[in-house]
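Here is the structure we will look at, set down as structure tokens.
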Amino acid sequence: MKISPQEVAKVARLARLDLPQDKLELFAGQLGDILGHMDKLAELDTDSVEPMYSPVEHTTVLRPDEPRKEHGRDEVLGNAPRQDGQFFIVPRIV
Amino acid sequence: MSRYETVIGLEVHAHLKTRTKIFCACSTTFGSEPNENVCAVCSGMPGVLPVLNAMVPEYAAKMGLATGCEVNLKSVFARKNYFYPDLPKGYQISQFELPICEHGSVAIEVDGQRKVIGLTRIHMEEDAGKNIHSAAENASFVDLNRAGVPLIEIVSEPDMRSAEEAVAYLKELRSILLYLGICDGNMEEGSFRCDANVSIRPVGQEALGTRAELKNLNSFKHVQKAIEYEVARQIDLIEDGEDVVQETRLYNADKGTTHSMRGKEEAHDYRYFPDPDLVPLVLDPAWVEQWRAELPELPAAKRTRFMADYGLADYDAVLLTAELAVADYFEAAAKAYSGQARKIANWVVGDLLPSLGETGIAAGDCLLTPARLAGLLTLVDDGTISVKIGKDSFRDLCASGDDPAEYVRARGLAQVSDTGELEAMVDRVISENPAEVEAYRGGKTKLMSFFMGQVMRLSKGQANPGVVTKLIQQKLS
């Protein structure tokens, strides 16, 4: 198998995905198929091909270093589930 | 001699002195109200597009050029994935496979030994926000002002063999960043931060030992102490037949110890991949050449030149070139002064630097300007004031910005060289101390300094010591 159910569980944990135990085999099979297809592509000789880092053809989009304020703090905090007008508030981490 | 060799590699994060963040137009001003400098991009709203700040590749490439790196004309941004509330997107935009600079080096000197430390790479990335944890409210408070502030990470080879070498390397890097004007170098505010990878191995062994990564090192002293503690801890473990565990350890400055940050092992699986929101960065070779041409004289070159041009000792040259403002101050004063530049160096190192250290004033802002310092030394040289009066007036002149000649005149500090006036003082000292006079005439010539001290006391430090010595010798011979 290309990827074990244990590896699927690990990747899911890293991505904070709540994966039901009984689906691990199913996803391992599906992900394995995708990886298998990648192996198929890897059979092609690409030694003389430059790696593609982006599907977009243009490069180097730059912005001048000029400050601009787009939103007030109220707006920025406005969408947060919990805030006190100054900070975003989240469950205690430490 | 220890049976173990210490191996240290450093990762340095330097805030770039840009006006705006790396991928959005929010201000980078330090110390604003919480979440004042935040927008949709740096707060990680869905559907927004990061756009690279033009100054960031320029500054990163300049650091690379100043440290002999190859500048990669093509470089790529990648996502470093992990979850923490100060990182709203769930990933940090950084560089992984193709960083902007690689394969450089920095020369350091420890105990007169020159050594070259290899630089693996320099890459661009965004900083995270800040969390404040409250046990009382059972909550954490997130401020995203710092999220998206541009950083370069400078990664060294594991080339350092002692805490002293690590500190020398850090000081040199900081100095170069300050000369380039691309980072303010403030360790306490976190604009110049360092993580240290430390391991030990038996002398003669080729393979590296298991390393611990030390964090929370926010001064040169902490770096030194944390590494020393960690090396001793690892030697103890190995001598006791135990293993060093690969882990992140936090330095505790109060106790001078390091302790494990448990439970973060998995967090090191960052699953990097190229960021599809950002197109590859391709630099025009002409830009790189222009940036190379714009590099200032760097600390190492300035040190060599100061030693050659001004006859400075190595030690003084190091102190005078660590910060550009101090180097410029010294050079301006040396040019304004007709005597030996070494004298200016002595005053700058011995008096100016401690005074700046105490007041927190930058050399360029000192009210005792380079020209005025040269004026003060000239007053000493031509005998108008004694060295002691000169030194005593130094702090006052730094604070007031008075012209030294005016200051000396207004306070009547000029040295007394008038023979008649001094003769009266010498006579008085001789008549008041018959026993010492007797002893001196009997051969205890060491008492000269006693007489001199008495005359100085009478003159409030203003007697010309040369004239006084002659008078005493005449009278007592």
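None of these values were measured; they are calculated from a predicted model. Letters A, B, ... are given to chains in the order of the sequence lines, protein chains preceding strands, and every chain is numbered from 1.
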Would you say His37(A) has more than 12 foreign heavy atoms packed within less than 6.0 Å of its NE2?
no
At a heavy-atom separation under 4.5 Å, does Val61(A) approach chain B through its side chain, its backbone, both, or neither?
both
For Ala25(B) and Glu66(A) the tightest heavy-atom approach is CB-O, 3.8 Å
Which region of Pro34(B), side chain (C-beta onward) or backbone (N, CA, C, O), has a non-hydrogen atom less than 4.5 Å from a non-hydrogen atom of chain A, or is it both or neither?
both
Taking everything shown except Arg16(A) itself, do over 12 heavy atoms lie less than 6.0 Å from its CZ?
yes
Checking Lys69(A) side chain against Glu36(B) main chain: does a donor-acceptor pair fall under 3.5 Å?
yes
Top contributor to chain A interface from Leu98(B), Thr28(B), Ile132(B) [non-hydrogen pairs under 4.5 Å]
Leu98(B)
Rounded to the nearest 0.5 angstrom, the CD-OH distance for Glu97(B) and Tyr53(A) is 4.5 Å
Any side-chain heavy-atom pair from Phe141(B) and Gln86(A) closer than 4.5 angstrom?
no
How far apart are the closest heavy atoms of Phe83(B) and Leu14(A), and which atoms are they?
CE1-O, 3.1 Å
Under 4.5 Å from any heavy atom of chain A, what part of Ala78(B) do you find: side chain, backbone, both or neither?
neither
Taking Pro274(B), Gly129(B), Ser43(B), Ala135(B) one by one, which has the highest count of heavy-atom pairs under 4.5 Å against chain A?
Ala135(B)
Part of Phe77(B) within contact of chain A (heavy atom distance under 4.5 Å):
neither
Taking every non-hydrogen pair under 4.5 Å, which of Pro57(B), Pro280(B), Pro276(B), Ser27(B) racks up the most with chain A?
Pro280(B)
At a heavy-atom separation under 4.5 Å, does Val76(B) approach chain A through its side chain, its backbone, both, or neither?
side chain
Interatomic distance, Arg73(A) atom CZ to Leu144(B) atom CG [nearest 0.5 angstrom]
12.0 Å
Contact origin within Lys21(B) toward chain A - heavy atom pairs under 4.5 Å
backbone
Taking Leu52(B)'s backbone N and O only, do any of them form a donor-acceptor pair with Arg63(A)'s side chain (distance below 3.5 Å, no angle check)?
no
Are any side-chain N or O atoms of Ser140(B) and backbone N or O atoms of Ile93(A), one a donor and one an acceptor, separated by less than 3.5 Å?
yes
Distance in Å, Glu75(A) CD paired with Cys39(B) SG, rounded so as to fall on 0.5 Å steps:
11.5 Å
Does the side chain of Asn35(B) reach to within under 4.5 Å of the side chain of Gln83(A), using non-hydrogen atoms?
no
At a heavy-atom separation under 4.5 Å, does Leu49(B) approach chain A through its side chain, its backbone, both, or neither?
neither
Of the listed Val279(B), Thr29(B), Asp275(B), Leu278(B), the one with the largest count of heavy-atom pairs under 4.5 Å with chain A is Val279(B)
Taking Val38(B), Asn37(B), Asp284(B) one by one, which has the highest count of heavy-atom pairs under 4.5 Å against chain A?
Val38(B)
Under a 3.5 Å threshold, yes or no: a donor from one side chain and an acceptor from the other, between Asp65(A) and Thr18(B)?
no
For the residue pair Ile89(A) and Val142(B), establish whether any side-chain heavy-atom pair is separated by less than 4.5 Å.
no
Counting N and O atoms only, with roles assigned by atom type, does the side chain of Thr60(A) sit under 3.5 Å from a partner on the main chain of Leu281(B), one being a donor and the other an acceptor?
no
One thing to verify: whether Glu137(B) and Arg92(A) come together as a salt bridge, which I'm taking to mean a side-chain N less than 4.0 angstrom from a carboxylate O.
no
